[in-house]
Every structure is written in structure tokens, then in C-alpha cells.
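One structure is given here, and the rest of the page talks about it.
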Amino acid sequence: MAALNSTFGCPRCRKPIRVAGGRPGQQVACPYCAGACLIPPAPRHGAPPPAQFHCNNPKCDAVWFEDQLHQEEFEGKPVYLCPRCRLGVTRLAPPPSFWERVPLAFVFPLRGDGPWLVGLGTMFLALLDLAIRYGFGIGSLFALIITIGYFGMFGLDVIRISALDEDRAMDWPDLAGWSDIIAGAFQVFLSGLFVFGPALIAGAMAVRAFLWGTETTAFVWSTTAIGLTVTAFLYYPMAMLAVAMYDSSLATDPRIVLPAIVKVPLHYGFVLLLLVILSGLRFGTQLTLRALPPLWQVIGFLPVEFVSFYTLIVGCRLLGMLYRAKEKKLGWFS
């Protein structure tokens with residue numbers, strides 16, 4: 001068959017590939033994803049290009065059209081094998097998009113051993129919550145430090161896992177002792193302080209103006225505090241994604257966070273919307289529980305703690321997925 005100039009979509013990443021002088025069936029490398037694929041034959045009457053399969057044997061590394069594969073039966077079902085080495089093959093297909101991955105974030109906490117981890121985490125969080133509410137003095141403070149440090153580091157770990165290895169299951173943070181917990185609490189607290197600090201200062205100035213200043217000054221500071229608070233809530237999720245990836249509270253730097261928001265406004269806005277819904281679910285269940293009679297508060301305590309832990313995991317998963325989908329566009333480490 002004569003050589004021709006071919007233009008076709010990569011079966012791995014969907015990017016257009018242009019090959020000068022190529023032949024149908026010739027193996028080429030995609031210039032975008034570097035994956036091997038075959039030049040498909042010319043399409044006929046709008047028919048889709050034939051499926052392509054990659055040999056799972058790294059020593060073979062061949063790519064085949066479906067009609068070239070060797071077929072055998074196993075337990076009454078057809079099994080496709082590489083015709084060269086007779087090992088299994090995998091169909092070439094682009095990875096799911098960010099939008100296709102989003103529903104999977106809501107089942108991530110229940111994947112694999114997730115139910116056991118979520119169950120234990122819910123009970124641990126409930127015990128810490130009780131210690132914070134009904135403990136005395138230093139006991140409440142220790143419980144608060146553990147909650148912020150341990151579950152803060154857990155959330156950052158979920159972000160990293162989702163960003164770097166989405167097939168890896170979540171696990172507890174690998175902390176050696178109190179020093180790691182305190183360090184985790186300090187990192188999470190300091191990150192929040194960097195983001196919400198200006199709003200807190202403006203709020204304090206508004207209170208001071210109401211007590212000792214003029215009405216105009218109080219109005220200006222109150223408006224400033226509200227504006228800074230809204231800005232902080234819009235800024236905070238991307239800031240925590242940066243903290244997780246850089247493993248430093250200093251990653252809340254506007255020079256890192258603001259360009260990232262500008263580069264992925266649609267995806268980040270969608271994640272923000274989902275985080276608002278998750279936060280509304282979390283705080284809504286907490287407020288509802290407090291409005292119930294004492295007996296129902298006891299009955300509903302663990303389910304509400306489950307909602308808090310579950311929404312934390314899903315929210316962190318969404319942030320990690322955002323980084324994985326837009327890693328090149330964010331360009332943090334390129």
C-alpha cells in the first residue's frame with residue numbers, strides 16, 4: 001500500500017497526530033503522550049477507527065488492531081492475547097476526564113478497605129469531639145490539637161494521593177508521635193491564619209470602631225471584613241491544594257495560588273461549588289442535631305460525625321483530582 005500523509009486521533013490521549021508518509025498499521029509514537037499506537041486505515045462512511053490494543057508484556061510492547069489479536073476461551077468467555085507472545089493485552093483508551101472522575105470522588109471513601117477506615121475514623125473523631133466539648137482545660141486543648149493535626153494531615157495526604165496516584169487507597173498518616181501531630185496542627189493552623197488573618201484583623205478593627213470609633217469607620221471596617229472573608233473562602237481550597245503539594249504553609253503565597261486560580265477558573269469554580277455543598281451538608285447536619293431533643297442528639301451523634309469525616313475525604317479527593325487533571329496547566333513544578 002502506498003505511503004500517505006495521515007492525520008488521526010491518538011487512541012491514548014485523543015490529541016491529533018500528523019504523520020507524513022506513514023502507512024496504515026505502522027506503529028508510531030504520539031508526540032503529546034509519547035505512547036505507541038498504530039496508524040489506522042482510512043475511515044469508511046464515517047465508521048470509527050478500529051480499536052487498538054497494547055501488549056501487557058513490557059518485553060514485547062507491541063500494539064495491535066483488534067482483528068489481529070489471538071483469541072482463546074476461558075471459562076466460556078473470549079480472551080484476547082498478543083499474537084506474538086500470547087500474553088494479555090489492554091485496550092488503548094484515553095484516561096477519564098476530570099468531569100468523568102468527579103462522581104468517583106463520592107465513592108472513594110468506600111473503596112477497598114475504606115469502610116473500615118471511615119468507621120474507625122468516625123469513632124476517633126467522635127471521641128475527640130466529645131473531649132473538646134466536655135473536657136477541662138488542657139485536656140480540651142490536647143484534643144483540639146490532635147483533631148487539627150491528625151485529621152488535617154490526613155486530609156493533606158488524601159489530596160496528595162489523589163493528585164499523584166489516584167489508584168492508591170487512602171491510609172492513616174504515617175506519624176511517629178506527638179511531634180508530628182503538633183507539626184501537622186501547626187502547618188494546618190498557620191495555613192488558615194495566612195488566608196483568614198486579614199479578615200480577622202479587619203473584623204477586630206470593626207469591633208473596635210463600633211465601640212470607640214465613628215459610625216462611618218465602623219461601616220468601612222465591617223464591609224472590608226466581609227469582603228476579605230468571602231475572598232478567603234474562595235482562596236482557601238486552592239491554597240490548601242498548594243500546601244499539600246508543596247508540603248509547606250508558605251505555599252499559601254498569593255504568587256502561587258492566584259495564578260493557579262486564573263489558569264483553571266472553570267474547574268476550580270466547579271470544585272468550589274461542590275465544596276460549598278459538602279460544607280452545607282456538614283454544618284446543616286450539625287445544626288439539625290443541636291436542635292433535636294437530648295435523646296435524639298445521642299442517637300444522631302455518630303451519623304453526624306460520619307458526615308463530617310466523609311465530606312472531609314470527598315472534598316480533599318476533589319482537590320487532588322483537580323491537580324491531577326490540570327497539573328501541566330498549573331505548572332507548579334515544571
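Along the sequence shown, residues are numbered consecutively beginning with 1.
Aromatic rings from F333 and Y246 are positioned such that their centres are separated by under 6.0 Å. Proximity of the aromatic rings of F233 and F196 is defined here by a centroid distance below 6.0 angstrom, and this criterion is met. The distance between the ring centers of Y235 and F194 does not fall below 6.0 angstrom. The distance between the ring centers of F124 and F151 falls below 6.0 angstrom.
Under the 3.5 Å distance criterion, with hydrogens and angles disregarded, a donor-acceptor pair is assigned to the side chains of S249 and S191. Neither side chain, T288 nor T285, offers a donor N or O lying under 3.5 Å from an acceptor on the other. With 3.5 Å as the limit, one finds a donor-acceptor pair spanning the side chains of R282 and T311. H54 and Q52 are not linked by any side-chain donor-acceptor pair at a separation below 3.5 angstrom, with hydrogens and angles left out of the test.
When atom types are taken as modelled, the side chain of R160 and the backbone of A244 share a donor-acceptor pair closer than 3.5 angstrom. No donor-acceptor pair closer than 3.5 Å links the side chain of R101 to the backbone N or O of M321. In terms of modelled atom types and a separation under 3.5 Å, the side chain of N56 and the main chain of G88 share a donor-acceptor contact. Between the side chain of S140 and the backbone N or O of A131, at least one donor-acceptor pair lies under 3.5 Å.
Between the CG atom of L266 and the NZ atom of K326 there is a distance of 8.0 Å, given to the nearest 0.5 Å. The structure places CH2 of W221 at 8.5 Å from CD1 of I201, a figure rounded to the nearest 0.5 Å. Considering CD of Q68 and OH of Y80, their distance stands at 13.5 Å, rounded to 0.5 Å.
Residues D129 and F301 are in side-chain contact: their nearest non-hydrogen atoms beyond the backbone lie under 4.5 Å apart. Counting only heavy atoms from C-beta outward, the side chains of F8 and I39 approach each other to under 4.5 Å. Side chains of P24 and P40 form no contact here, defined as non-hydrogen atoms less than 4.5 Å apart. L104 places none of its side-chain heavy atoms less than 4.5 Å from the side chain of F108. Proximity of W64 to C82: side-chain heavy atoms (C-beta onward) are separated by under 4.5 Å at one or more points. Contact annotation: the side chain of R84 never approaches that of H70 to less than 4.5 Å [non-hydrogen atoms, C-beta and beyond].
In this structure, F154 and F309 have tilted ring planes: the angle between them lies in the 30° to 60° band.
What you find for Y268 and M238 is that their closest heavy atoms are OH-N, 3.0 Å.
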